[in-house]
Amino acid sequence: MAPEKQRILMVSDFFYPNFGGVENHIYYLSQCLLELGHKVVVMTHAYGNRSGVRYMTGGLKVYYVPWRPFVMQNTLPTFYGTLPIIRTILIREQISLVHGHQAFSTLCHEALMHARTMGYKVVFTDHSLYGFSDVGSIHMNKVLQFTLADVTQAICVSHTSKENTVLRSGIPPEKVYMIPNAVDTAMFKPAEERPGGNEIVIVVISRLVYRKGADLLVEVIPEVCRLYPNVRFIVGGDGPKRVRLEEMREKHSLQDRVDMLGAVPHASVRSVLISGHIFLNSSLTEAFCIAILEAASCGLLTVSTRVGGVPEVLPEDMVVLAEPDPADMVLAIKKAISLLPEIDPQVMHERMKKLYDWHDVAKRTEIVYDRALKCPNQPLLGRLSRYLSCGSWAGKLFCLVMIIDFLLLHLLQLWQPEEDIDKVPDFVIPPVEISSAFDQEQDD
């Protein structure tokens, strides 16, 4: 029996016009769910002058709520400041389920908290890996424990990510599902002719930050250039570590062999990828690397650090893995260069078509939604017992936060009854080719 059609609210601080793995995931998943007949609404914070309600391809409605980012595209935590607008959106759009994305999205945590107080079923998708020892991770893990204490179902993008989330939050493993990311293979196609000549081009497209291994690139690139005079690097991306790469290029006089492109719009990523032979990923931590999928779909052999969920992403003959150590990465690049004659970009692209598909991701997510909606609702006292188990002090604090949220909700209902909030009428827009529409929206 086909799952019942739902009204889904996607919530995250990370969405278009910002670009990244989470943003792409929400967009493509929403478009495929719309094609399956569900109603999907996205809620995020305002970006510059982009505030209010906007419509995207296929009738995807986006609420850019008038909250400005505080740090790293996250809104300032207010606990209860977002309750009135979240309540209004949930009632106006007649939402049946709330789906939050990303562990360090403040808006996601607050929306899930308020939705559970209002009795909605909630699903959470974790897109990242965190440690257990540093101060930032300890605090983030406690926040995640608070949110997942009362979440209906959770999704992780790799088995490694699932294990990490269960350990960090204490959520029962049976409530967590593994659904990988995917790639739009219609958008990421190989070039009709592979770059010729004796020159080998290695492509790097990444945010140039510590977590993405930019410091490793500073040591790896000069050594590879020394060993192989016919190798050239193309580095796309921006970030605080770009200065170090620029200094490395000057120090070793590699201006003609290392092209620094700066930030690359998502619509231009394919044109950069198809100019190369090898894709290099130097991340120090990664739950699931969509960039690897995009590179493989364009027919590039991948060299990547063996971290997080990366070993799960591609078959062994499509990727060369290395430890996050400069010497080991240089050896992996040597091996990849020797394997290049065996690589057929068109064959690799066809394999990626079968391995990863957003429509498959949407259908699997649909099953999780169906299971979440069948879970029984618990009264406030039953829910508070879950928060008490989060720690001797933290548990009591979490209970206090939820009790205040419960009281504020009832005050809000007295001040603005549900029947006074207008309901949005439904309408259907014919489906549009996702990849071409996404390109057009980026150009707007």
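Numbers for residues simply follow the sequence, beginning at 1. Values below: all heavy atoms of this structure, side chains included; hydrogens, waters and symmetry mates excluded.
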Just wondering, do [Y] and [X] contact through their side chains at under 4.5 Å, heavy atoms?
X: L129; Y: S161; answer: yes
X: L293; Y: M352; answer: yes
X: M43; Y: M10; answer: no
X: H38; Y: L34; answer: no
X: L227; Y: V330; answer: yes
X: V98; Y: K121; answer: no
X: S282; Y: V220; answer: no
X: M56; Y: Y27; answer: yes

What closest approach, in Å, do [X] and [Y] show between heavy atoms, and which atom pair accounts for it?
X: V218; Y: R244; answer: CG1-NH2, 3.7 Å
X: G100; Y: L112; answer: N-CD2, 3.9 Å
X: S30; Y: L60; answer: CB-CD1, 3.8 Å
X: C298; Y: P345; answer: O-CB, 4.4 Å
X: P180; Y: R364; answer: CD-NH1, 3.6 Å
X: C390; Y: K142; answer: O-NZ, 3.1 Å

Qualifying residues under ring-ring contact (aromatic ring centres under 6.0 Å, His included), relative to [X], sequence neighbours excluded:
X: H45; value: Y47
X: F146; value: Y387, F398
X: F14; value: F104
X: Y177; value: none

Going by salt bridge (charged side-chain N to carboxylate O under 4.0 Å, His left out), name the pairs with one or both residues in [range], residues two or more places apart or in two chains.
range: residues 159-177; value: D126-R168
range: residues 189-205; value: E199-R232
range: residues 333-343; value: none

I'd like to know if [X] pairs up with [Y] as an ion pair, taking the criterion as any Lys NZ or Arg NE/NH1/NH2 lying under 4.0 Å from an Asp or Glu carboxylate oxygen.
X: E294; Y: R270; value: no
X: E93; Y: R7; value: no
X: E246; Y: R242; value: yes

If I take atom [atom1] from residue [X] and atom [atom2] from residue [Y], how far apart are they, to the nearest 0.5 angstrom?
X: M402; Y: R386; atom1: CE; atom2: CZ; value: 11.0 Å
X: K354; Y: H349; atom1: NZ; atom2: NE2; value: 11.5 Å
X: L331; Y: M329; atom1: CG; atom2: CE; value: 11.0 Å
X: L339; Y: D317; atom1: CG; atom2: CG; value: 9.5 Å
X: L355; Y: D360; atom1: CG; atom2: CG; value: 10.5 Å
X: F288; Y: I290; atom1: CZ; atom2: CD1; value: 7.0 Å

Checking side chain to side chain contact (heavy atoms under 4.5 Å, CB included) for the pair V41/I8: CA distance, chi angles, key distance, verdict? CA-CA 6 Å; V41 179; I8 303 146; over 6 Å; no

Between E110 and the options T78, T147, T75, the side-chain hydrogen bond (donor to acceptor under 3.5 Å, both in side chains) test singles out T78

Under the rule for salt bridge (Lys or Arg N to Asp or Glu O under 4.0 Å), what residues qualify as partners of [X], not counting sequence neighbours?
X: R207; answer: none
X: E223; answer: R226
X: E350; answer: K353
X: K241; answer: D215

Check the pair V122 / L97 against side chain to side chain contact (heavy atoms under 4.5 Å, CB included), numbers first and verdict last. CA-CA 6 Å; V122 300; L97 182 140; over 6 Å; no

Under the 3.5 angstrom rule, does the side chain of [X] hit a backbone N or O of [Y] as a donor-acceptor pair?
X: S268; Y: V264; result: no
X: S105; Y: Q102; result: no
X: R257; Y: V231; result: yes
X: D13; Y: L107; result: yes
X: S96; Y: Q6; result: no

Distance only, no hydrogens: is a donor on one side chain within 3.5 Å (strictly under) of an acceptor on the other, for [X] and [Y]?
X: S169; Y: Q145; answer: no
X: H159; Y: E312; answer: no
X: H25; Y: H127; answer: no

Aromatic contact between H99 and Y120, with the criterion being ring centroids under 6.0 Å apart: yes or no? no

May I have the list of side-chain donor-acceptor pairs in residues 299-311 shorter than 3.5 Å, sequence neighbours left out?
from	atom 1	to	atom 2	distance (Å)
S304	OG	N281	ND2	2.9
T305	OG1	S283	N	3.4
T305	OG1	S283	O	2.5
R306	NH1	E323	OE2	2.6

Residue pair V201, I234: steps toward the side chain to side chain contact (heavy atoms under 4.5 Å, CB included) verdict: CA-CA 7 Å; V201 179; I234 298 176; 3.6 Å; yes

Between F15 and Y64, what is the ring plane arrangement, given parallel below 30°, perpendicular above 60°, and tilted in between? tilted

Show your working on side chain to side chain contact (heavy atoms under 4.5 Å, CB included) between L208 and V235 and close with a plain yes or no. CA-CA 9 Å; L208 301 181; V235 181; 4.2 Å; yes

